[in-house]
Amino acid sequence: MSLTTGRRMMDQTVDSPPDAAVSGVLTQLYGFLSAARLPDDGRLPPERELAELLGVKRAELRKGLAVLEREGQLWRHVGKGTFVGPRPPQLLDISDLAQRSNPIQVMKARIGLEPELARLAAINATAAEVTTLAELNTACRASTTWREYEAYDARFHHQIAEAAHNPILLALLETLNAVRRAVTWGRPRPSHSSPPADHHSFDDHDRIVDAIAHREPAGAADAMRRHLQNVEDRLIGRSP
């Protein structure tokens, strides 16, 4: 925050000025924020330390911080601290989001995200990551129970996201997976105890791995999209 910004915000408080003590704390805070070298995440020192640095009472400091928070200059996370800037939008309530979602919406989100991850993986994956992906694909085929298959399948898709080498998209997938785990799927478990030898995902996964290994971004994206559409078809009963 610049000194000019601080002065402008001070001017904006004239319409409903805080009491003298809080005004003094705000002046101290604006000065501190304009000069302080904060960590990359913008985290402020703990309240006790910050009060000592500014030479103010903690009660007055809290009032000043509350003013800045209302202005959108700070945000707080219980147990983590106070940070400069607006509250990040990625701090989601997973359980609330899951309650407002359904399996089809989850699948649509996956279809929107995972083909791009596969495309980037075909460009950016290291040789070791491609090897790991192939090993996970083999483990999916060798699974002797549905629970085992689902665990390897989740790792397979996560490995593709890691191989894309885009931390933002990886974080989005992890958020989506958290919602996916929390959503009630409402589908019956298969009658057989393990994936059959002709389970559709096996060939789908083979095509995805082959495209990534051969550095075919468009092919990898298309293979992933077709795979997820197959999953969606079976989820809603469009296919046998």
Side-chain angles (χ1 to χ4, degrees), residues 1-101 106 109 112-113 116-117 120 124 126 129 154-155 157-183:
M1 180 187 300
S2 68
L3 284 172
T4 300
T5 302
R7 291 191 187 100
R8 183 171 62 251
M9 294 193 312
M10 290 270 306
D11 292 340
Q12 291 170 349
T13 64
V14 171
D15 293 336
S16 55
D19 60 51
V22 176
S23 293
V25 171
L26 285 172
T27 300
Q28 296 279 69
L29 281 169
Y30 293 138
F32 174 79
L33 294 176
S34 68
R37 300 185 64 178
L38 300 174
D40 289 342
D41 61 3
R43 183 177 180 177
L44 295 179
E47 281 188 5
R48 183 184 299 278
E49 180 181 337
L50 184 56
E52 291 177 355
L53 284 171
L54 301 181
V56 300
K57 296 179 180 178
R58 289 185 68 183
E60 295 171 353
L61 174 64
R62 291 193 188 103
K63 291 180 181 179
L65 293 174
V67 171
L68 295 184
E69 186 174 18
R70 287 195 298 271
E71 293 175 347
Q73 303 303 316
L74 302 175
W75 65 278
R76 305 188 203 189
H77 191 290
V78 177
K80 292 188 177 180
T82 302
F83 302 82
V84 173
R87 181 178 295 276
Q90 67 265 29
L91 295 179
L92 300 175
D93 184 332
I94 297 299
S95 61
D96 176 68
L97 190 55
Q99 289 175 5
R100 295 186 288 111
S101 305
V106 170
L113 175 62
E116 175 61 12
L117 288 168
L120 290 173
N124 298 322
T126 65
E129 287 169 333
R155 290 175 59 188
H157 284 268
H158 194 271
Q159 176 64 27
I160 292 172
E162 289 188 337
H165 292 270
N166 186 310
I168 297 174
L169 293 179
L170 176 59
L172 289 175
L173 181 72
E174 290 174 343
T175 299
L176 178 56
N177 283 338
V179 174
R180 181 185 174 197
R181 288 190 294 269
V183 167

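Numbers here simply count residues along the sequence, with the first being 1.
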Interatomic distance, Arg180 atom CZ to Leu173 atom CG [nearest 0.5 angstrom]: 9.0 Å
Euclidean distance, Leu65 CG relative to Glu69 CD, rounded to 0.5 Å: 8.5 Å
Derivation of the side-chain contact (heavy atoms from CB on, under 4.5 Å) call for Arg43 and Lys80: CA-CA 9 Å; Arg43 183 177 180 177; Lys80 292 188 177 180; 5.5 Å; no
Ser23 OG to Lys63 NZ distance, which is reported to the nearest 0.5 Å: 11.5 Å
Ring pair (Phe, Tyr, Trp, His ring centres under 6.0 Å) partners of Phe32, counting only residues at least two apart: none
Contact check, side chains of Leu26 and Leu68, non-hydrogen atoms, under 4.5 Å: yes
4.5 Å side-chain heavy-atom contact, His158 and Glu174: yes
Student check: side-chain heavy atoms of Leu29 and Val67 closer than 4.5 Å: no
Nearest heavy-atom neighbours spanning Leu53 and Pro45: CD1-CG, 4.3 Å
Close side-chain approach of Ile160 and Leu120, heavy atoms under 4.5 Å: no
Minimum heavy-atom distance between Ala109 and Leu176, given as atom pair plus value: CB-CD1, 3.8 Å
Glu47: side-chain hydrogen bond (donor to acceptor under 3.5 Å, both in side chains) partners, not counting sequence neighbours: Arg62
Gap between atom CG of Leu170 and atom OG1 of Thr175 - 0.5 Å precision: 9.5 Å
Pairwise side-chain contact, Leu50 with Thr82, heavy-atom cut-off 4.5 Å (strictly under): no
Distance (rounded to the nearest 0.5 Å) between Glu60 CD and Gln28 CD: 10.5 Å
Minimum heavy-atom distance Arg58-Ala51, with the two atoms named: CG-CB, 3.8 Å
Donor-acceptor contact below 3.5 Å, side chain Glu129 vs main chain Thr126: yes
Any donor-acceptor pair under 3.5 Å from Asn124 side chain to Ala164 backbone: yes
Point-to-point distance, once rounded to the nearest 0.5 Å, from CG of Leu61 to CD of Glu52: 11.0 Å
